[in-house]
Amino acid sequence: MKDSSEVPEGITRGEVPGAMAVRFDVVIVGGGHTGLFLAAVLARHGFEVALVEPMPPEPTAPPHDGRNLALLRSTYEIARRYDLWSHIGRVAAAVDTVVVRERPGGAQVVYRARELDGHPFAWGVEHAALRNALLDAFRVRLGAGRWYVTRFAGFHREDGAVVVRLEDGRALRAKLLVGCDGRGSRVRTAAGIALDRWTYDQAALAFVVAHERPHRHTIHEWLRPGGPLALLPLPGRQSGITWVEPQARARALAALAPEELLRRLSLESEGVLGELQLTSEVGVWPLAAQHARRYVAPRVALVGDAAHGVHPIHAQGFNMAVADIEALARTLVEARRLGRDIGLSDVLIRYERARRPANTQRIWMTDTLARIFSAELPLLQPLRSGILQLLATVGPLRRLAAARGMAVS
Ligand SMILES: Cc1cc2nc3c(=O)[nH]c(=O)nc-3n(C[C@H](O)[C@H](O)[C@H](O)COP(=O)(O)OP(=O)(O)OC[C@H]3O[C@@H](n4cnc5c(N)ncnc54)[C@H](O)[C@@H]3O)c2cc1C
């Protein structure tokens with residue numbers, strides 16, 4: 001931890017030429033959900049943190065670009081441990097029932113929280129509302145002065161530190177640089193970390209609707225040959241839609257007039273929500289998966305989408321990021337307790353060992369589900385139907401699947 005008395009006269013905290021003393025423990029690049037969550041967690045542990053993000057730290061009116069996320073029980077528990085649920089809980093809707101239907105076979109399985117411990121499985125949240133909630137937490141814990149509204153340009157290592165160069169010409173020194181800069185991470189490239197990536201020839205339409213009937217805290221999911229369609233409860237009478245189709249069909253749907261898009265959604269979703277009204281933009285997200293070969297390099301760590309990206313069929317992406325955040329925080333706290341430098345490779349490798357194997361498993365599970373449940377091959381239909389019927393009839397198996405589905409590690 002640095003004392004502000006160390007800052008030389010005429011130099012603002014953090015705005016230091018390369019050769020100055022270390023100013024931060026950690027510089028986080030990327031102020032998306034992952035970067036904001038990580039900043040709040042590390043600040044809670046007393047680390048001196050700076051965040052670099054080109055978007056200013058101002059709220060965006062939700063619903064925004066249509067994306068919506070299911071936060072799993074594991075994320076809720078971590079957020080509670082770090083006192084972040086007081087921010088997130090206000091904009092999230094609890095989910096206590098999940099209905100999964102298979103098309104065209106018609107098999108169906110219903111997961112009910114009361115079959116387990118009665119607590120919600122998950123929470124639905126709109127993308128911008130979650131960012132606003134995490135921005136609140138950032139402001140409370142770190143203050144706006146720790147936010148650098150610019151882009152990461154590169155880094156070099158010197159004298160037990162990493163010097164992070166910013167596009168506006170400034171440089172920040174820290175013990176550790178963390179890349180939370182998303183799938184196209186420049187931190188990952190600058191650290192020379194290789195990436196495996198593959199595409200699905202599918203795209204997700206994402207948007208928010210207001211509806212006539214209450215959602216009853218139920219996720220409805222249809223596993224269809226072209227891709228899954230999911231309705232996620234949001235606060236009030238609103239739901240988030242994630243609708244996966246082959247790319248050309250997804251683009252054609254997104255180009256429809258709102259009334260026609262909603263008419264087709266009603267047909268596909270069997271009218272479960274009654275009359276619908278579009279309340280956000282309609283986003284189209286081409287689907288791909290990727291995994292960084294390493295999560296760490298000397299004085300560098302990758303977290304969230306910078307490290308891994310998955311198909312959205314099982315609502316894993318950000319939930320995996322939150323598990324990464326907790327593991328990295330534990331690693332750094334333990335190193336500090338032992339008086340170790342938090343940027344050393346033999347410290348950081350513990351984080352990689354804690355998370356990369358678990359994420360590899362999740363990536364392959366998600367990939368397999370995406371291939372089995374959204375392939376247009378008619379031969380797979382009996383297999384899909386059989387899996388759902390088995391889950392519907394065998395209680396212990398269903399409860400096991402529900403328990404596995406609520407956590408990412
Ligand atoms: C359709 C869809 C549905 C999804 N559903 C779910 C779900 O139900 N549950 C779930 O857990 N996940 C879901 N996900 C995944 C989830 O949205 C992502 O995993 C999560 O948002 C990633 O957050 P992030 O902060 O790691 O990355 P990003 O959101 O990509 O944020 C990266 C940030 O880094 C900044 N940045 C980039 N380059 C630089 C630079 N050079 N310098 C400084 N800053 C930089 C960007 O401005 C951005 O703010 C879904 C994704 C999609 C597409």
Side-chain angles (χ1 to χ4, degrees), residues 24-53 55 57-60 62 64 67-92 122-144 146-148 152 176-183 185 187 295 301-310 315-333 342 351 354-355 358-359 362 407-409:
F24 296 107
D25 294 315
V26 182
V27 169
I28 297 172
V29 172
H33 299 140
T34 305
L36 289 171
F37 200 115
L38 176 66
V41 165
L42 293 183
R44 184 64 180 241
H45 281 297
F47 289 103
E48 295 281 355
V49 178
L51 187 135
V52 179
E53 161 64 49
M55 294 227 316
E58 279 142 28
T60 318
H64 179 53
R67 271 182 296 172
N68 48 90
L69 292 100
L71 304 180
L72 302 178
R73 176 90 70 86
S74 55
T75 292
Y76 161 80
E77 281 162 1
I78 295 170
R80 266 183 57 121
R81 276 203 283 286
Y82 286 102
D83 201 18
L84 283 171
W85 196 255
S86 52
H87 298 270
I88 300 170
R90 283 187 235 141
V91 293
W123 285 260
V125 62
E126 192 275 332
H127 197 264
L130 177 60
R131 182 170 187 270
N132 294 347
L134 292 170
L135 268 175
D136 267 357
F138 185 95
R139 233 177 275 117
V140 171
R141 292 193 191 172
L142 291 105
R146 298 300 186 84
W147 188 292
Y148 291 78
F152 163 85
L176 177 64
L177 161 65
V178 184
C180 297
D181 48 346
R183 289 191 176 212
S185 172
V187 173
Y295 285 9
L302 302 177
V303 177
D305 275 23
H308 45 73
V310 292
Q316 301 284 296
F318 179 60
N319 293 290
M320 287 159 68
V322 172
D324 296 348
I325 289 168
E326 188 178 51
L328 181 62
R330 277 202 185 139
T331 305
L332 302 186
V333 167
I342 59 169
Y351 159 63
R355 290 304 305 154
N359 286 338
R362 285 280 147 178
V408 291
S409 49

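Between Leu332 and His45, the closest side-chain pair of non-hydrogen atoms is not below 4.5 Å. In this structure the side chain of Leu177 reaches within 4.5 angstrom of the side chain of Phe152, judged on heavy atoms. Between Arg355 and Leu302, the closest side-chain pair of non-hydrogen atoms is not below 4.5 Å. Taking the side chain as every heavy atom from C-beta outward, Leu36 and Trp147 approach each other to under 4.5 Å. Considering only heavy atoms from C-beta on, Leu69 comes within 4.5 Å of His33 through its side chain.
Residue Ala321 comes nearest to Thr34 through the heavy atom pair CB-OG1, 3.6 Å, listed as atom of the first residue, atom of the second, then distance. The two residues Asp181 and Ser185 come nearest to each other via the heavy atoms OD1-OG, 2.6 Å. Contact detail for Glu53 and Gly31: the closest heavy-atom pair is OE1-N, 2.6 Å. Leu84 and Ala40 make their closest contact through CD2-CB, 3.8 Å (heavy atoms, listed as atom of the first residue, atom of the second, distance). Considering every non-hydrogen atom in both Leu328 and Val303, the closest pair reads CD2-CG2, 3.8 Å. A pairwise comparison of heavy atoms in Gly35 and Leu51 identifies O-CD1, 3.7 Å as the closest pair.
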Please report the C-alpha distance between Asp324 and Tyr351 in whole Å, then the side-chain angles of each, then the deciding distance to 0.1 Å, and finally whether the side-chain contact (heavy atoms from CB on, under 4.5 Å) criterion is met. CA-CA 8 Å; Asp324 296 348; Tyr351 159 63; 3.6 Å; yes
Before giving the answer on side-chain contact (heavy atoms from CB on, under 4.5 Å), spell out for Leu72 and Gln316 the whole-Å C-alpha distance, their side-chain angles and the decisive distance to 0.1 Å. CA-CA 8 Å; Leu72 302 178; Gln316 301 284 296; 3.9 Å; yes
Would Val91 and Asn132 count as a side-chain contact (heavy atoms from CB on, under 4.5 Å) if you check the C-alpha gap in whole Å, the side-chain angles of each, and the deciding distance to 0.1 Å? CA-CA 9 Å; Val91 293; Asn132 294 347; over 6 Å; no
Output, in order, the C-alpha distance, side-chain angles, deciding distance and verdict of salt bridge (charged side-chain N to carboxylate O under 4.0 Å, His left out) for Glu326 and Arg330. CA-CA 6 Å; Glu326 188 178 51; Arg330 277 202 185 139; 3.7 Å; yes
What do the steps show when you test Ile28 against Val49 for side-chain contact (heavy atoms from CB on, under 4.5 Å), and what is the final call? CA-CA 7 Å; Ile28 297 172; Val49 178; 3.7 Å; yes
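Atom CZ of Arg131 sits about 12.0 Å away from atom CD of Glu126, to the nearest 0.5 Å. Atom CE of Met55 is separated from atom OG1 of Thr60 by 5.0 Å, given to the nearest 0.5 angstrom. To the nearest 0.5 Å, atoms OH (Tyr76) and CG (Leu71) are separated by 12.0 Å. Note that the CG atom of Leu130 and the CZ atom of Phe37 stand 9.0 Å from one another [nearest 0.5 Å]. A distance of 5.5 Å separates CG in Leu38 from CD1 in Ile325, rounded to the nearest 0.5 Å. In this structure, the separation between CG on Leu134 and CD1 on Ile88 is 5.0 Å, given to the nearest 0.5 Å.
Arg80 CZ: 12 or fewer foreign heavy atoms inside a 6.0 Å radius.
Under the 3.5 Å distance criterion, the side-chain polar atoms of Arg362 are left unmatched by any main-chain donor or acceptor of Ala358.
A donor atom on one side chain and an acceptor atom on the other are found under 3.5 Å apart for Asn359 and Tyr295.
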